[in-house]
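Shown next, in structure tokens, is the structure this report addresses.
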There are 2 protein chains.
Amino acid sequence: MLKLSKLTDYAAVIMAQIARDPDHAHTASELAARVKLPHPTVGKTLKMLSKGGLLESRRGSHGGYVLSRSPSDITASDIIAAIEGPIGMTECSHADGDCELLDTCGVAGNWQRVSQAIRTLLDGVTLAHLAQSSPLKLPVQLPIQSVTLPSAGEALREH
Amino acid sequence: MLKLSKLTDYAAVIMAQIARDPDHAHTASELAARVKLPHPTVGKTLKMLSKGGLLESRRGSHGGYVLSRSPSDITASDIIAAIEGPIGMTECSHADGDCELLDTCGVAGNWQRVSQAIRTLLDGVTLAHLAQSSPLKLPVQLPIQSVTLPSAGEALREH
DNA sequence: ATAAAGAGGACTAAAATGGTCCTATATGGA
DNA sequence: TCCATATAGGACCATTTTAGTCCTCTTTAT
């Protein structure tokens, strides 16, 4: 279902919490309590976000985590990539893909375009957006169809 | 990684095969040979696509599968939904979600918007697009940012 | 020194996924 | 009519992925 993993989901919620109070460090236990999830799980998630460069950590007493950039400079793509690795719909979406069906497949290139479009979309959603409590006011119909369809209709007739 | 399942991947390839030769029925064995995948797996995939209303099946000798609509009326969303169920990034993206963290979460509504945007994007990609052998010529940068960002920046300052 | 924190990784349990196979049913043709 | 060829619909198992826990080590403020 193109679903995010639970960990990614947690990550978003946790990042949003931090973003709403960005001026001091937050510990794993504090966040676990606020988000009502078990401490070890929250800890793990925070470590991944930190490794992914989205959080700065401070060890020792009075330690914790702080955003490494402003909420508007952290994107949904960043968060997803930190937990799940590079975003792509198919094996062959990333460079290292070694799909031996490539010749019979015939759709690889097109899926890659679609992946790219989704990535671009997620690049446009920032932590600042996610953290705001009232829903984002995106237009229900994005003008994507008008971008992809005309060229596509013609392209179909190319061969 | 927002990845499609392998089955969905197969489904797309198989649908594309059929779309390229839409005028007669294709059997599971024929498609399996063409796509170089095991017959049982292809059979399973075809059954799902048929149950999902994307293929019409004819039983018995000279049976097989035909597209139930024209390739330009079958979308990537349709294919994904037929194999993986409703498209949504999070549990709470669909109506039946029963996430008990909703109050502490604070990002649910926003993820739902993002899901919706992705769905809209995938609605705009048809089987006709996927089936064409030369890559879709989507602009690398879709103008999504210019749609989502301005309103979002203001929305942030609302509270 | 000590208590409070994160780093890193090993480990287990549970769930999803991929893949196979079997039986039943429908259809066309000899 | 009978047979070969298809799909329909599940049951089933193996594998992988995911979620979650735990332990030990290092860092840091008091």
Side-chain angles (χ1 to χ4, degrees), chain A residues 1-14 18 24-33 35-68 80 82-85 89-91 99 101, chain B residues 1-14 18 24-33 35-68 80 82-86 88-91 99 101:
Chain A
M1 327 181 188
L2 273 178
K3 246 205 288 265
L4 301 176
S5 77
K6 282 196 192 179
L7 268 304
T8 310
D9 215 342
Y10 299 164
V13 175
I14 291 169
I18 300 177
H24 58 86
H26 300 264
T27 69
S29 359
E30 176 216 323
L31 290 165
V35 159
K36 292 185 189 153
L37 286 172
H39 179 176
T41 301
V42 172
K44 186 183 193 174
T45 308
L46 287 165
K47 283 181 229 174
M48 293 196 232
L49 291 167
S50 170
K51 261 185 102 168
L54 306 188
L55 294 175
E56 301 276 319
S57 66
R58 204 164 49 238
R59 292 179 162 200
S61 78
H62 297 89
Y65 295 91
V66 200
L67 296 182
S68 61
I80 296 172
I83 309 289
E84 315 193 11
M89 301 184 73
T90 57
E91 272 319 319
C99 172
L101 299 174
Chain B
M1 328 181 187
L2 275 178
K3 247 206 287 261
L4 301 177
S5 77
K6 281 196 192 179
L7 268 303
T8 309
D9 215 341
Y10 300 164
V13 176
I14 291 169
I18 300 178
H24 59 87
H26 299 264
T27 69
S29 0
E30 176 215 323
L31 290 166
V35 159
K36 292 186 190 151
L37 287 172
H39 180 177
T41 300
V42 172
K44 186 183 193 173
T45 308
L46 287 165
K47 282 182 229 172
M48 293 196 235
L49 290 167
S50 169
K51 262 185 101 168
L54 306 188
L55 294 175
E56 301 276 318
S57 67
R58 204 163 49 239
R59 291 178 163 201
S61 75
H62 298 89
Y65 296 90
V66 199
L67 296 182
S68 61
I80 296 172
I83 308 289
E84 316 193 11
M89 300 183 72
T90 57
E91 272 320 319
C99 172
L101 299 175

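Computed from a prediction, not measured in an experiment: that's the story for all the values here.
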(request) List the steps, then state whether side chain to side chain contact (heavy atoms under 4.5 Å, CB included) holds for A:Y10 with A:V42. (result) CA-CA 8 Å; A:Y10 299 164; A:V42 172; over 6 Å; no

(message) Tell me the interatomic distance from A:Y10, atom OH, to D:dT21, atom C1', rounded to whole angstroms.
(response) 13 Å

(message) Could you check whether any side-chain heavy atom of A:K6 comes within less than 4.5 Å of a side-chain heavy atom of A:T45, counting everything from C-beta outward?
(response) no

(request) Using whole Å, report how far NZ of B:K3 lies from P of D:dT17. (result) 9 Å

(message) Just N and O in the side chain of A:S5: are any of them under 4.0 Å from OP1 or OP2 of D:dA19?
(response) yes

(request) For B:I83 and C:dT17, give me the distance from atom CD1 to atom C1', rounded to whole Å. (result) 13 Å

(request) Could you check how far NZ of B:K44 sits from P of D:dG10, rounded to whole Å? (result) 13 Å

(message) Judged by each residue's nearest nucleotide on DNA chain D, which is more toward the 5′ side, A:K6 or B:L46?
(response) B:L46

(message) I need the minimum non-hydrogen distance between B:A25 and B:G63, along with the two atoms involved.
(response) CB-O, 4.0 Å

(message) Could you tell me if the side chain of B:E30 sits less than 4.5 Å from the side chain of B:Y65, heavy atoms only?
(response) no

(request) Can you sort out which residues in residues 47-56 of chain A have a heavy atom within less than 4.0 Å of DNA chain C? Ascending by number, please. (result) A:K47, A:S50

(request) Send over the distance from A:L7 CG to C:dA14 C1', rounded to a whole Å. (result) 14 Å

(request) Find out whether A:M48 and A:L7 are in side-chain contact, i.e. whether some heavy atom of one side chain is under 4.5 Å from a heavy atom of the other. (result) yes

(message) Among B:I83, B:I18, B:L49, B:L67, exactly one meets side chain to side chain contact (heavy atoms under 4.5 Å, CB included) together with B:L54. Which residue is that?
(response) B:L49

(request) Report yes if the side chains of B:E84 and B:L4 come closer than 4.5 Å at any heavy-atom pair, otherwise no. (result) yes

(request) Send over the distance from B:L37 CG to C:dT20 P, rounded to a whole Å. (result) 10 Å

(message) I'd like to know if the side chain of A:E56 pairs up with that of A:S68 as donor and acceptor (distance under 3.5 Å, no hydrogens or angles considered).
(response) no

(request) Measure the distance from CG on B:L2 to C1' on D:dT18 and round it to the nearest whole Å. (result) 16 Å

Detail all sub-3.5 Å separations between protein N/O atoms and N/O atoms belonging to nucleotides 3-6 of chain D.
unit_1, atom_1, unit_2, atom_2, d
D:dT5, O2, B:S61, N, 3.1
D:dA6, O4', B:G60, O, 2.9

(request) Could you tell me whether the side chain of B:L55 reaches within less than 4.5 Å of the side chain of B:L46, counting heavy atoms only? (result) yes

